[in-house]
**Q** 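Below are the structure tokens for one structure; questions will follow.
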Amino acid sequence: MPSLPLRGTAFANGVSVIHGDTSRKLWNSKWPQVPEHEVPITSVTNGIHIRSWISKDMAALLDRYLGPKWTEDPLREEIWDRIDKIPDEELWRTYERRRERLVAFARRRLREQLERRGAPRSEIEAADEVLDPSALTIGFAKRFATYKRADLLLYDPDRLARIVSNKERPVQIIYAGKAHPRDNEAKDIIRKVIHLARQEPFRSKIVFIEDYSMCVSRYMLQGSDLWLNTPRRPNEASGTSGMKAAANGTINMSILDGWWDEAYQTGIGWAIGNRETYQDFNHQDTVESNAIYEMLEKEIIPMFYERGTGRLPRRWIARMKASIRTICPVFNTNKMLYEYYSSFYRPCAQMLEHLSA
């Protein structure tokens, strides 16, 4: 079926640069006399409607220091350059409130989940004590497809246990998502996450939120400190959750795939790997999970808990601001729609006029 629209449409595109490249490789056989780079498939990278995903607290902060143009004309980079005008204290206080809301929401949902399953009263009451409102919080919320590797962070449970058990620098992980009803492998990954979350020392450090929805997504995007994305490159067409997280000040840690392959630069987040491809998936999982643990242990956790004057993580806040300043003016629906209009819709309209004439 994909051959029919590819042959019959005036234009075809992937939803990120790497998706366009991959699509040209996949469909090169349909144009056998054409070099791969000339296969008529281009790309327009997806974007998000920032105002729909940003928290009210953050929106108020941007209104105050950036002015109303950040919603009216988000393409203008000079507007986002004003992010540095936001006092570190004010930005961090706003973020801490949102993390506290996320923890309260996760506790409430966990309690409801346990009550539905008929869990013992002691386990239900313990749900009110899971997670720490001040701890470094890693968020992973998306469709549970096998290529997204939701369990990559759990690859070495012993090493992860040492990371989350550090009382001086606590780390916690909140998962949410759904698997396709017929995707049994993805369901097994969810079972693995839930099973591990019930064991010590993960019982109060890992939470899986059921019934994934836009409501759950908003809480997690707005309250997590680090947004984790671990697809098996190059299977991620674009992905947009990281864009939504970045607009809220959440910092991305991702495989260089989809939109992050275009967005990543030193100082705005963390890249897992360096665009390598693997034939042995087990070896790939070992290498990339080790890379995650290394970055957490040696860079991310120390940066988050490095407190200077005013008990503020100045370097972490600087990275939050750099992420917002770099990502928001590029990965938004205004830019995406303008590219569709200028590259496809307007030329199509002109072609129709010429044909009609």
**Q** How about Thr250 and Tyr95: do any of their side-chain heavy atoms sit closer than 4.5 Å?
**A**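 Yes, side chains in contact.
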**Q** Looking only at atom types and distance, does a side-chain atom of Lys187 sit under 3.5 Å from a main-chain N or O of Pro181, one as donor and one as acceptor?
**A**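 Yes, because the side chain of Lys187 sits within donor-acceptor range (under 3.5 Å) of the backbone of Pro181.
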**Q** Does Lys142 make a cation-pi contact with Phe140 (under 6.0 Å, within 45 degrees of the axis)?
**A**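 Positive - Lys142 is close enough to the ring of Phe140 and near enough to its axis.
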**Q** Do Asp88 and Arg314 make a side-chain contact, defined as non-hydrogen atoms from C-beta onward lying under 4.5 Å apart?
**A**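 A side-chain contact exists here, since the closest heavy-atom pair is under 4.5 Å.
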**Q** Is it true that, when you exclude Glu78 itself, more than 12 heavy atoms of the residues, nucleotides or ligands shown sit nearer than 6.0 Å to its CD?
**A**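 More than 12 heavy atoms, drawn from other residues, nucleotides or ligands, come within 6.0 Å of this atom.
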**Q** Show your reasoning for whether salt bridge (Lys or Arg N to Asp or Glu O under 4.0 Å) applies to Asp57 and Arg98.
**A** CA-CA 8 Å; Asp57 295 331; Arg98 294 186 307 177; 5.6 Å; no
**Q** With a 6.0 Å cut-off (strictly less than), is the heavy-atom count around OH of Tyr338, excluding the residue itself, greater than 12?
**A**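 Not more than 12 within 6.0 Å, no.
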**Q** For the OG1 atom of Thr94 and the CD atom of Gln222, what is their distance to the nearest 0.5 Å?
**A**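 With rounding to 0.5 Å, OG1 (Thr94) is 12.0 Å from CD (Gln222).
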**Q** Any sub-3.5 Å donor-acceptor pair from Asn28's side-chain atoms to Lys25's backbone N or O?
**A**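 No.
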**Q** Tell me whether Arg117 at atom CZ has more than 12 heavy atoms from other residues, nucleotides or ligands lying less than 6.0 Å away.
**A**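 Yes - once you tally the heavy atoms of other residues, nucleotides and ligands closer than 6.0 Å, there are more than 12.
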**Q** Let's go through Glu100 and Arg97 carefully: what are the C-alpha distance in whole Å and the side-chain angles of both, what is the deciding distance for salt bridge (Lys or Arg N to Asp or Glu O under 4.0 Å) to 0.1 Å, and is it a yes or a no?
**A** CA-CA 5 Å; Glu100 289 167 0; Arg97 281 198 301 270; over 6 Å; no
**Q** Between Phe331 and Val15, is there shared hydrophobic-cluster membership here, with clusters defined by ILVMFWY side-chain heavy atoms closer than 4.5 Å?
**A**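 No: no chain of side-chain contacts under 4.5 Å links Phe331 to Val15.
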**Q** Run the numbers on Gln350 and His354 for side-chain hydrogen bond (donor to acceptor under 3.5 Å, both in side chains), then give the verdict.
**A** CA-CA 6 Å; Gln350 292 169 342; His354 291 316; over 6 Å; no
**Q** Flag the pair Arg82 / Trp70 as yes when at least one side-chain heavy-atom distance between them is below 4.5 Å, and no otherwise.
**A**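 Of all side-chain heavy-atom pairs linking Trp70 with Arg82, none is under 4.5 Å.
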**Q** For Tyr175, run the side chain to side chain contact (heavy atoms under 4.5 Å, CB included) check against Ile189, Val207, Leu153 and tell me which one passes.
**A**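 Testing each of Ile189, Val207, Leu153 against Tyr175, the sole residue satisfying side chain to side chain contact (heavy atoms under 4.5 Å, CB included) is Leu153.
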**Q** Just verifying a value: how many Å separate Ile124 CD1 and Ser122 OG, rounded to the nearest 0.5 Å?
**A**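 Nearest 0.5 Å value for the CD1-OG distance: 8.5 Å.
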**Q** Heavy-atom distance under 4.5 Å between the side chains of Arg325 and Asp81, does that happen here?
**A**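 Arg325 vs Asp81: side chains touch.
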**Q** Run the numbers on Cys328 and Ile50 for side chain to side chain contact (heavy atoms under 4.5 Å, CB included), then give the verdict.
**A** CA-CA 8 Å; Cys328 286; Ile50 297 173; 4.0 Å; yes
**Q** Could you check whether any side-chain N or O of Ser55 sits under 3.5 Å from a backbone N or O of Met58, counting only pairs where one atom can act as donor and the other as acceptor?
**A**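 It does hold such a pair.
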**Q** Answer yes when Lys69 and Glu72 have at least one side-chain N-carboxylate O distance shorter than 4.0 Å, and no when they do not.
**A**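 Glu72 and Lys69: salt-bridged.
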**Q** Run the numbers on Glu276 and Arg233 for salt bridge (Lys or Arg N to Asp or Glu O under 4.0 Å), then give the verdict.
**A** CA-CA 8 Å; Glu276 301 92 345; Arg233 178 185 165 97; over 6 Å; no
**Q** Taking all non-hydrogen atoms of both residues into account, name the closest pair between Leu221 and Ala245 and its distance.
**A**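 Taking every non-hydrogen atom into account, CD2-N, 3.7 Å.
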**Q** Taking a hydrophobic cluster as the set of Ile, Leu, Val, Met, Phe, Trp and Tyr residues connected by side-chain heavy atoms closer than 4.5 Å, whether directly or through intermediates, do Val171 and Ile300 fall within one such cluster?
**A**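 Yes; tracing contacts between hydrophobic side chains, which count when under 4.5 Å, links both residues.
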**Q** Quick check: does any side chain N or O of Arg7 sit under 3.5 Å from a backbone N or O of Lys30, one acting as donor and the other as acceptor?
**A**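 Yes, Arg7 side chain to Lys30 backbone: donor-acceptor pair under 3.5 Å.
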**Q** With no hydrogens and no angle check, is any side-chain donor or acceptor of Arg346 less than 3.5 Å from a backbone partner on Tyr341?
**A**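 Not confirmed, Arg346 side chain does not pair with Tyr341 backbone.
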**Q** Is there a side chain to side chain contact (heavy atoms under 4.5 Å, CB included) between Asn229 and Trp260 once you walk through the steps?
**A** CA-CA 9 Å; Asn229 189 39; Trp260 189 241; 5.7 Å; no
**Q** What I want to check is whether the side chains of Arg232 and Thr146 have a donor and an acceptor closer together than 3.5 Å.
**A**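 Judged by distance alone, the side chains do not pair up.
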**Q** Tell me whether Leu131 is reachable from Leu160 by hopping between hydrophobic residues (I, L, V, M, F, W, Y) whose side-chain heavy atoms are closer than 4.5 Å.
**A**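 Cluster IDs for Leu160 and Leu131 differ.
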**Q** Could you report the tightest heavy-atom contact between Asp183 and Ala179, atom names first, then the distance?
**A**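 Closest heavy-atom pair between Asp183 and Ala179: O-CB, 4.4 Å.
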**Q** Classify the side-chain pair Glu90/Tyr65 by whether it contains a donor and acceptor separated by less than 3.5 Å.
**A**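 Yes - a donor-acceptor pair under 3.5 Å links their side chains.
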**Q** Looking at Asp128 and Arg111, is any side-chain nitrogen of the basic one under 4.0 Å from a carboxylate oxygen of the acidic one?
**A**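 Counted as a salt bridge, because a side-chain N and a carboxylate O are separated by less than 4.0 Å.
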**Q** Let me see the working for Ile174 and Ser224 under side chain to side chain contact (heavy atoms under 4.5 Å, CB included), right down to the final yes or no.
**A** CA-CA 8 Å; Ile174 303 178; Ser224 299; 5.7 Å; no
**Q** Using salt bridge (Lys or Arg N to Asp or Glu O under 4.0 Å), reason through Glu297 and Arg159 one step at a time and then give a plain yes or no.
**A** CA-CA 10 Å; Glu297 293 167 341; Arg159 191 169 182 182; 2.9 Å; yes
**Q** Does any part of the side chain of Ile86, heavy atoms only, come nearer than 4.5 Å to the side chain of Met320, both counted from C-beta?
**A**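 No, their side chains stay 4.5 Å or more apart.
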**Q** What is the distance from atom CH2 of Trp53 to atom NZ of Lys244, rounded to the nearest 0.5 Å?
**A**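 Answer for the CH2-NZ pair, Trp53 versus Lys244, is 4.0 Å.
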**Q** Show the nearest heavy-atom pair for residues Ser134 and Tyr305, with the distance to one decimal.
**A**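 Of all heavy-atom pairs spanning Ser134 and Tyr305, the closest is O-OH, 4.2 Å.
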**Q** Nearest heavy-atom pair of Gly269 and Ile251: which atoms, and what distance?
**A**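 Smallest heavy-atom distance, with atoms named: CA-CG2, 3.6 Å.
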**Q** Are the side chains of Gln172 and Val103 in touch, meaning some heavy atoms are under 4.5 Å apart?
**A**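 Yes, their side chains come closer than 4.5 Å.
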**Q** Which heavy atom in Ile54 sits nearest to a heavy atom in Asn248, and how many Å separate them?
**A**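 Heavy-atom minimum between the residues: CA-OD1, 3.4 Å.
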**Q** Whether the side chain of Glu123 engages the backbone of Leu114 through a donor-acceptor N/O pair (distance < 3.5 Å, no angle test) should be reported.
**A**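 It does not hold such a pair.
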**Q** Within the distance-only criterion (no hydrogens, no angle test), does the side chain of Arg149 pair as donor or acceptor with the backbone N or O of Pro231 below 3.5 angstrom?
**A**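 Yes; at least one donor-acceptor contact below 3.5 Å.
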**Q** Under 4.5 Å between side-chain heavy atoms, counting indirect links through other Ile/Leu/Val/Met/Phe/Trp/Tyr residues: same cluster for Ile272 and Trp259 or not?
**A**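 Same cluster.
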**Q** Please walk me through it: do Glu236 and Lys148 pass side chain to side chain contact (heavy atoms under 4.5 Å, CB included)?
**A** CA-CA 8 Å; Glu236 185 86 294; Lys148 291 180 181 286; 3.0 Å; yes
**Q** Under 3.5 Å, is there a donor-acceptor pair between the side chain of Asn332 and the main chain of Lys335?
**A**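 Yes.
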**Q** Without placing hydrogens or testing angles, list every side-chain donor-acceptor pair under 3.5 Å for residues 32-45, not counting sequence neighbours.
**A**
unit_1 : atom_1 : unit_2 : atom_2 : d
Thr45  : OG1    : Glu262 : OE1    : 2.9
Thr45  : OG1    : Glu262 : OE2    : 2.8

**Q** Can a donor-acceptor pair be found, under 3.5 Å and without considering hydrogens, that links the side chain of Arg203 to the backbone of Arg198?
**A**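 Such a contact is found between Arg203 side chain and Arg198 backbone.
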**Q** Are the side chains of Ile163 and Tyr293 in contact, using a 4.5 Å heavy-atom criterion?
**A**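 A side-chain contact exists here, since the closest heavy-atom pair is under 4.5 Å.
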**Q** Check the orientation of Phe144 and Phe208. Use parallel for under 30°, tilted for 30 to 60°, and perpendicular for over 60°.
**A**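 Ring orientation, 0 to 90° scale: perpendicular.
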**Q** Find out if a path of hydrophobic residues (ILVMFWY) with successive side-chain heavy-atom gaps under 4.5 Å connects Tyr212 to Ile48.
**A**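 They do not share one cluster, since no chain of ILVMFWY contacts under 4.5 Å joins Tyr212 to Ile48.
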**Q** Closest approach of Thr230 and Ala150, non-hydrogen atoms and distance?
**A**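 So the minimum-distance heavy-atom pair works out to OG1-N, 4.4 Å.
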**Q** Please examine the side chains of Trp316 and Leu136, heavy atoms only from C-beta on, and report whether any two atoms are closer than 4.5 Å.
**A**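 A side-chain contact exists here, since the closest heavy-atom pair is under 4.5 Å.
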**Q** Using a 6.0 Å distance limit plus a 45 degree cone around the ring axis, check whether Arg311 lies over the aromatic ring of Trp92.
**A**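 Arg311 over Trp92 ring: no.
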**Q** For the residue pair Asn252 and Tyr264, confirm or rule out a side-chain donor-acceptor distance under 3.5 Å.
**A**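 There is no such pair (donor and acceptor under 3.5 Å, judged by atom type) between the side chains of Asn252 and Tyr264.
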